[in-house]
Amino acid sequence: MKNKELAALFSRIGDALEIKGEMGFKIIAYRRAARILEDLTDDIEKIARENKLQEIPGIGSGIAKKIEEYLKTGQMEKYKEALSEIPESLLNLLEIQNLGARTLHLAHNELGVKNLEDLKRVIKNGSLVKLYGLGEKKAENIKKGIEIYEQAQERIPIFEAVNIVEEVIEYLQKCSYISRLSPAGSLRRMKETVGDIDILAAGTNGAQIIRYFTQFPGVSRVLAAGETKGSAMISTQRSERQVDLRIVDESEYGAALQYFTGSKAHNIKLRSMAREKGFKISEYGVFRGDKKIAGYDEEEVYKTLNLPLIPPELREDRGEIELALQGHPPQVVNYSDIKGDLHIHSRYSDGSLSLREIAELAKELGYEYIAICDHSQSAKYAYGLTSERLKQQIKEIDQLNQELKEIKLLKGTEVDILQDGQLDFPNEILKELDIVVAAIHSGFKKNVTERILRAMDNPFVTIIAHPSGRLISKREGYDVDLEKILQEAKSKQKALELNAYYDRLDLNEFYLKKAKEQGIKISIGTDAHYAGGFQMMRFGVGIARRAWLEKKDILNCLSHNQLIRTKNI
DNA sequence: GCCGTTTTCGGCCCGACTGTTTTCAGTCG
């Protein structure tokens with residue numbers, strides 16, 4: 001699929017045009033096209049073949065032609081032209097805070113700045129300051145921006161961001177000046193990684209609130225502390241992360257929360273709609289003329305546009321507004337719809353809990369059932385179970401199920417897909433189980449696609465675990481053709497896993513949405529190895545919501561009876 | 001470059017802050 005390639009090209013064209021000084025809406029159009037391509041679930045080549053490029057909102061005749069040109073020739077004239085005078089090394093500098101396209105344009109044209117080294121030099125030798133519109137302070141701010149750019153942290157995994165935000169919020173709740181409080185930004189939208197951590201508070205005495213915030217025990221450095229905004233570095237065991245707190249008046253809280261939650265694209269769409277209706281939306285409220293007509297809570301804001309409240313996870317301008325306008329927004333899955341966890345490890349293999357402890361925890365979480373899926377014999381590193389030990393485990397599960405009334409343990413395995421595509425247990429064992437989760441754990445570059453396809457031939461396999469094999473902060477994933485896996489899952493009626501472990505979140509939202517569109521069932525499993533791991537379910541549900549999955553798309557939203565009766569997923 | 005139930009031309013989200021300036025441009029979120 002060339003979707004991402006094209007997205008990158010258009011994004012760079014946008015950047016280059018901006019630096020060239022071609023201010024205006026072309027730049028916005030190219031960047032919008034880039035984002036649309038980035039999000040697109042369908043193969044752009046297929047759409048082009050069917051002559052339907054211009055049916056995509058945001059793609060007009062100009063960009064359609066450029067897409068066709070690239071698909072045909074592997075080149076794009078406009079890209080070459082836009083990049084002809086602007087070196088790539090200059091484009092990257094747009095990421096530096098306090099340094100925008102206009103200044104970069106000047107520095108490039110007047111001083112011949114081509115890269116970071118050049119930029120540092122012209123700051124040091126004082127030539128940047130002499131440019132029209134620049135001064136000492138601006139140069140100083142750009143210098144600070146460069147410092148941050150150079151030590152730029154990678155994005156923050158959602159798991160870590162949520163942990164930090166919850167600690168800070170728990171602390172802030174004790175501040176008597178604060179009346180309402182919420183996480184905002186991409187964290188509230190549950191993106192798999194977030195760039196920064198935003199919190200919104202409503203309150204009366206901004207300066208006092210910010211002072212209280214900066215006294216949070218985890219704060220290692222205060223970056224800014226005014227009356228409406230505070231910003232601090234908070235250190236965790238892993239690293240130092242920036243947390244921003246904004247204070248608004250209580251009457252504006254809803255509009256501010258809507259605004260600071262984003263996404264930017266979603267907000268722009270709403271504001272355009274408001275404008276057409278003769279309203280104006282800002283972070284202070286919805287206005288008709290000078291009269292404020294909404295702002296206290298988010299629901300009000302959406303209502304002025306005849307929209308129901310759109311869940312934060314959906315706010316990406318991927319068609320959610322249009323569907324909501326037609327009166328049927330996606331009825332995405334809720335955490336409370338989850339009836340059980342279909343991927344748990346016990347002490348039998350490399351987990352830390354006994355079967356009884358797992359059952360107790362599952363009961364506390366309100367689950368109906370929980371699937372014990374320990375590793376199979378070839379997974380030596382994880383104390384994989386031999387057939388004999390699996391039989392022993394089956395026996396213990398049967399006994400516990402006799403005894404425990406409020407929770408059902410499901411007999412399962414996370415069986416290795418071996419190098420030749422065979423499964424690590426014979427069918428005589430697999431047929432004794434309620435659930436068979438098949439997974440690649442070795443040979444990541446060896447015919448992974450064929451091996452998974454072969455595993456799906458086995459009638460006892462229920463679910464393919466972590467289908468792409470990626471680890472968000474560590475590795476890319478297997479060499480696997482997920483399109484083929486999706487096709488086969490559809491035809492063989494197998495479920496695919498959404499592994500909810502924070503570093504996996506695999507399948508990702510892109511393929512989850514594709515799977516849903518093809519009618520493939522998804523199983524959300526935490527892959528928990530210890531008690532804390534059970535909590536990962538919320539991230540799985542968050543990503544599922546981002547992919548527009550509904551209750552009916554998810555295997556573990558079925559009741560125990562339904563699940564057991566479902567021979568064919 | 002895109003788009004249209006006021007428009008096929010003339011619009012395109014909104015506001016704060018900062019620093020450079022005498023009324024505004026650049027940058028950010």
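What you see below is based on every heavy atom in this structure, not just the backbone, and it leaves out hydrogens, waters and symmetry mates. Bear in mind the structure is a predicted one, so any value in this text is a computation, not a measurement. Numbered from 1 within each chain, the chains take letters A, B, ... in sequence-line order.
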Just the rounded figure in Å: distance from [atom2] of [N] to [atom1] of [X].
X	N	atom1	atom2	answer
A:E55	B:dC3	CD	P	12 Å
A:I142	B:dC28	CD1	C1'	14 Å
A:L94	B:dC28	CG	P	9 Å
A:I281	B:dG15	CD1	P	11 Å
A:I28	B:dC2	CD1	P	13 Å
A:L134	B:dT18	CG	C1'	12 Å
A:K229	B:dT18	NZ	C1'	13 Å

Counting side-chain heavy atoms from C-beta on, which of [options] comes nearest to [X]?
X	options	result
A:T103	B:dC28, B:dT18, B:dT27	B:dT27
A:N98	B:dC28, B:dC14, B:dG19	B:dC28
A:N141	B:dG19, B:dG15, B:dG1	B:dG19
A:K138	B:dC12, B:dG19, B:dG15	B:dG19
A:K137	B:dC2, B:dA16, B:dG19	B:dG19

N-O pairing of [X] and [Y] below 4.0 Å:
X	Y	result
A:E160	A:R241	yes
A:R470	A:D506	no
A:E38	A:K4	yes

Would you indicate, yes or no, if [N] has its OP1 or OP2 atom less than 4.0 angstrom from a side-chain nitrogen or oxygen of [X]?
X	N	value
A:R275	B:dC12	yes
A:R102	B:dG26	yes
A:Q97	B:dG29	yes
A:N267	B:dC14	no

Taking the six-membered ring of A:Y259 as reference, does the NZ or CZ atom of A:K264 fall below 6.0 Å from its centre and within a 45° cone about the axis?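 Not flagged: A:K264 not positioned over aromatic ring of A:Y259.
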If we call it a pair only when both distances are under 3.5 Å in a Watson-Crick or G-U wobble match, what pairs with B:dT8?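 The answer is none; no pair meets the criterion.
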Does atom CD of A:E136 have more than 12 heavy-atom neighbours, drawn from other residues, nucleotides or ligands, at distances under 6.0 Å? no
Could you check whether A:L270 gets within reach of a base, just the sugar-phosphate, or nothing at all, counting any heavy atom under 4.0 Å? nothing
Does A:Y259 get its side chain close enough to the base of B:dG29, under 3.5 Å, for a donor-acceptor pair? yes
